[in-house]
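Just so you know, residue 1 is the first one in the sequence shown, and it goes up from there. This one's a predicted model, so the numbers in the text were calculated from it and none came from an experiment.
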Amino acid sequence: MVSFGSSVEFAIPHIKIHQLNKYYNVQGKQVHALKNINLDIPEGKIFGIIGKSGAGKSSLIRTLNGLEGISDGHIHIHQQDLASLNHEQLIQLRQCIGMIFQHFNLMSAKTVRENVALPLKIAKYPAAEIDARVTEVLQLVGLENKAEHYPSQLSGGQKQRVGIARALVHHPEILLCDEATSALDPESTSVVLALLKEINQKLGITIVLITHEMQVIREICDQVVVIDQGEIVESGQVWSVFSNPQQKITQELLNLEQLELPIELSADKTEATTHSVLKLRYETTLASAPNLTDLTAAFGQPVYLYQSHVDSIQGHLIGSFIVAVENTQLDLAALTSLLQQHIVNIEILGYAKSTH
């Protein structure tokens, strides 16, 4: 059961975080970087953690493999409490966790094959086993023909695919991605995200992905949590968070469509204003798109469309209409009730003079 307020049940958590706090000492001052984090990450899912720079995302993900110690609280991975592990046990656990970094962290003097092989060489695997496994993962990421190239001969997207291959080489159960696409161009980002989704589906690996880009969350994640100033402020399935963001920070991260209307809006009704301008938001399954005839008929008068937006996420249609109606005395509660089968929220954006 997810622990952050959702009523949706998932498989037993692969990662369970309970009352996690992290403090740093910065120039003699204590900084509370993570504040009472409670989080269950389901096994075999792609789980997104999003927030602005400095929100605590990197601190959180680095605690998951022991790169950062925790000040108090607990992290359990398959019921193993990280705080109770000795050095050797922590090293063994890390072999079950792959890490992908923003800036690739490849060794420039080593070939692609040598970079990918490095974790197995450090763990003293037999040479034949290393060679076979490196070949296997390079094929998986589509770089078998680049095995003898050096990082300087690769594009950014190819470098990140080398990083993914290196993270997969020791058969991890969990893959941690720290801003894995933020240094890439849009085309390379699409390739890397498609690869991560394929890895999740083929291998069943749990992926924890931190980013500041909602588009990345939208593309591949099953669930998302929004972190702000060290706290989880919003969470849920991706389609749900996208369709009805509750917090201002989430709305900012979503970069909700900006109003570009052909009319001037007034915040208050005046003698000159004749129309109410409304924003109607909807969320449905793909099979139940809003019936525009029924929707406009509910107003009992002409409805003028000024802007519309629709998106498809996880089998749901999420969209909005901005319309004007010739009535500045609307009963918003009654209208919301009348349209509840079609619309999840109605907001009066302002008032306008007639342009018709």
Side-chain angles (χ1 to χ4, degrees), residues 33 46-65 67-68 94 97-119 134 137-170 172 174-200 205-222 224-228 238 249-250 252-255:
I46 304 180
F47 197 96
I49 300 171
I50 189 166
K52 293 186 176 181
S53 178
K57 308 185 302 296
S58 292
S59 292
L60 178 56
I61 203 168
R62 287 170 65 85
T63 63
L64 298 181
N65 63 356
L67 290 176
E68 293 273 3
R94 282 178 181 157
I97 302 173
M99 188 87 180
I100 304 170
F101 301 93
Q102 177 180 357
H103 296 296
F104 322 128
N105 287 14
L106 302 180
M107 300 186 72
S108 60
K110 292 186 178 294
T111 64
V112 166
R113 176 175 292 278
E114 290 169 336
N115 268 283
V116 175
L118 194 57
V134 170
V137 293
L138 285 178
Q139 288 175 344
L140 179 63
V141 302
L143 289 177
E144 61 270 26
N145 62 337
K146 302 289 185 182
E148 303 310 320
H149 285 59
Y150 288 89
S152 62
Q153 299 172 291
L154 305 178
S155 68
Q158 289 169 336
K159 290 176 185 177
Q160 193 55 287
R161 282 190 279 157
V162 175
I164 293 171
R166 181 184 56 195
L168 293 174
V169 76
H170 48 64
I174 297 168
L175 201 56
L176 305 180
C177 304
D178 189 355
E179 297 280 8
T181 60
S182 62
L184 304 179
D185 59 65
E187 184 178 352
S188 297
T189 293
S190 295
V191 171
V192 167
L193 292 179
L195 177 59
L196 290 174
K197 192 166 187 176
E198 180 184 0
I199 289 166
N200 170 256
I205 294 175
T206 302
I207 297 178
V208 182
L209 186 152
I210 73 165
T211 182
H212 64 277
E213 301 170 293
M214 270 293 189
Q215 185 62 21
V216 171
I217 299 292
R218 177 199 180 281
E219 285 291 324
I220 65 168
C221 291
D222 300 300
V224 61
V225 297
V226 181
I227 187 169
D228 186 38
V238 171
I249 182 66
T250 312
E252 291 174 357
L253 289 165
L254 276 168
N255 191 25

**OP:** Decide side chain to side chain contact (heavy atoms under 4.5 Å, CB included) for Leu175 and Ile100; before the verdict, give the C-alpha distance in whole Å, the side-chain angles of both, and the deciding distance to 0.1 Å.
**Re:** CA-CA 7 Å; Leu175 201 56; Ile100 304 170; 3.8 Å; yes
Original post:
Distance from Ser108 atom OG to Asn115 atom CG, nearest 0.5 Å?
Top reply: 8.5 Å
**OP:** State, with a plain yes or no, whether a side-chain heavy atom of Pro119 is found less than 4.5 Å away from one of Val169.
**Re:** yes
**OP:** Using modelled atom types only, decide if a donor and an acceptor are shared between the side chain of Ser188 and the backbone of Leu184 within a distance under 3.5 Å.
**Re:** no
**OP:** Using side chain to side chain donor-acceptor pair (under 3.5 Å) as the criterion, list what pairs up with Ser190, not counting sequence neighbours.
**Re:** none
Subject >> Close side-chain approach of Thr111 to His149, heavy-atom, < 4.5 Å >> reply: no
Original post:
Any side-chain heavy atom of Leu193 within less than 4.5 Å of one from Leu195?
Top reply: no
**OP:** Can you sort out the partners of Thr63 under side-chain contact (heavy atoms from CB on, under 4.5 Å), two or more places apart, ordered by chain and number?
**Re:** Leu20, Leu34, Leu60, Glu68, Ile70, Ile75
Original post:
With a 4.5 Å heavy-atom cut-off, do Val225 and Ile50 have their side chains touching?
Top reply: no
Original post:
What is the minimum heavy-atom distance between Ala147 and Leu138, and which atoms define it?
Top reply: CB-CD1, 3.9 Å
Subject >> Sequence neighbours excluded - salt bridge (charged side-chain N to carboxylate O under 4.0 Å, His left out) pairs with any residue from residues 97-115 >> reply: Arg113-Asp131, Arg113-Glu148
Subject >> Considering all heavy atoms, the nearest Gly98-Pro172 contact >> reply: N-CB, 3.5 Å
Subject >> Spacing of CG belonging to Leu253 relative to CG belonging to Asp228, to within rounding of 0.5 Å >> reply: 8.0 Å
Original post:
Does some side-chain heavy atom of Asp178 sit less than 4.5 Å from a side-chain heavy atom of Gln102?
Top reply: no
Subject >> Asn65 (side chain) donor-acceptor with Arg94 (main chain) under 3.5 angstrom >> reply: no
Original post:
Sub-3.5 Å donor-acceptor pair from the side chain of Asp222 to the main-chain atoms of Ile46, do we have one?
Top reply: yes
Let me have the donor-acceptor pairs involving side chains of residues 206-221, under 3.5 Å, with sequence neighbours excluded, atom names and distances please.
from: Thr206; atom 1: OG1; to: His14; atom 2: ND1; distance (Å): 2.7
from: Thr206; atom 1: OG1; to: Gly44; atom 2: N; distance (Å): 2.7
from: Thr211; atom 1: OG1; to: Glu213; atom 2: N; distance (Å): 2.9
from: His212; atom 1: ND1; to: Glu179; atom 2: OE1; distance (Å): 3.2
from: His212; atom 1: ND1; to: Glu179; atom 2: OE2; distance (Å): 3.2
from: Gln215; atom 1: NE2; to: Glu219; atom 2: OE2; distance (Å): 2.9
from: Arg218; atom 1: NE; to: Asp311; atom 2: OD1; distance (Å): 3.3
from: Arg218; atom 1: NE; to: Asp311; atom 2: OD2; distance (Å): 2.9
from: Arg218; atom 1: NH2; to: Asp311; atom 2: OD1; distance (Å): 2.4
from: Arg218; atom 1: NH2; to: Ser312; atom 2: O; distance (Å): 3.1

Subject >> Residues which pass salt bridge (charged side-chain N to carboxylate O under 4.0 Å, His left out) with Glu198, listed by chain and number, not counting sequence neighbours >> reply: Lys202
Subject >> Backbone N/O of Lys52 and side chain of Lys57: donor-acceptor pair under 3.5 Å >> reply: yes
Original post:
Under the 3.5 angstrom rule, does the side chain of Asn200 hit a backbone N or O of Ile205 as a donor-acceptor pair?
Top reply: yes
Could you pull out all donor-acceptor pairs under 3.5 Å where a side-chain atom in residues 151-166 meets a protein atom, sequence neighbours excluded?
from: Gln153; atom 1: OE1; to: Tyr150; atom 2: N; distance (Å): 2.7
from: Ser155; atom 1: OG; to: Gln158; atom 2: N; distance (Å): 3.2
from: Ser155; atom 1: OG; to: Gln158; atom 2: OE1; distance (Å): 3.4
from: Gln158; atom 1: OE1; to: Ser155; atom 2: N; distance (Å): 2.9
from: Gln160; atom 1: NE2; to: Phe101; atom 2: O; distance (Å): 2.8
from: Gln160; atom 1: NE2; to: Ala180; atom 2: O; distance (Å): 2.8
from: Arg161; atom 1: NH1; to: Val141; atom 2: O; distance (Å): 3.0
from: Arg166; atom 1: NH1; to: Asn105; atom 2: O; distance (Å): 2.8
from: Arg166; atom 1: NH2; to: Phe104; atom 2: O; distance (Å): 2.7

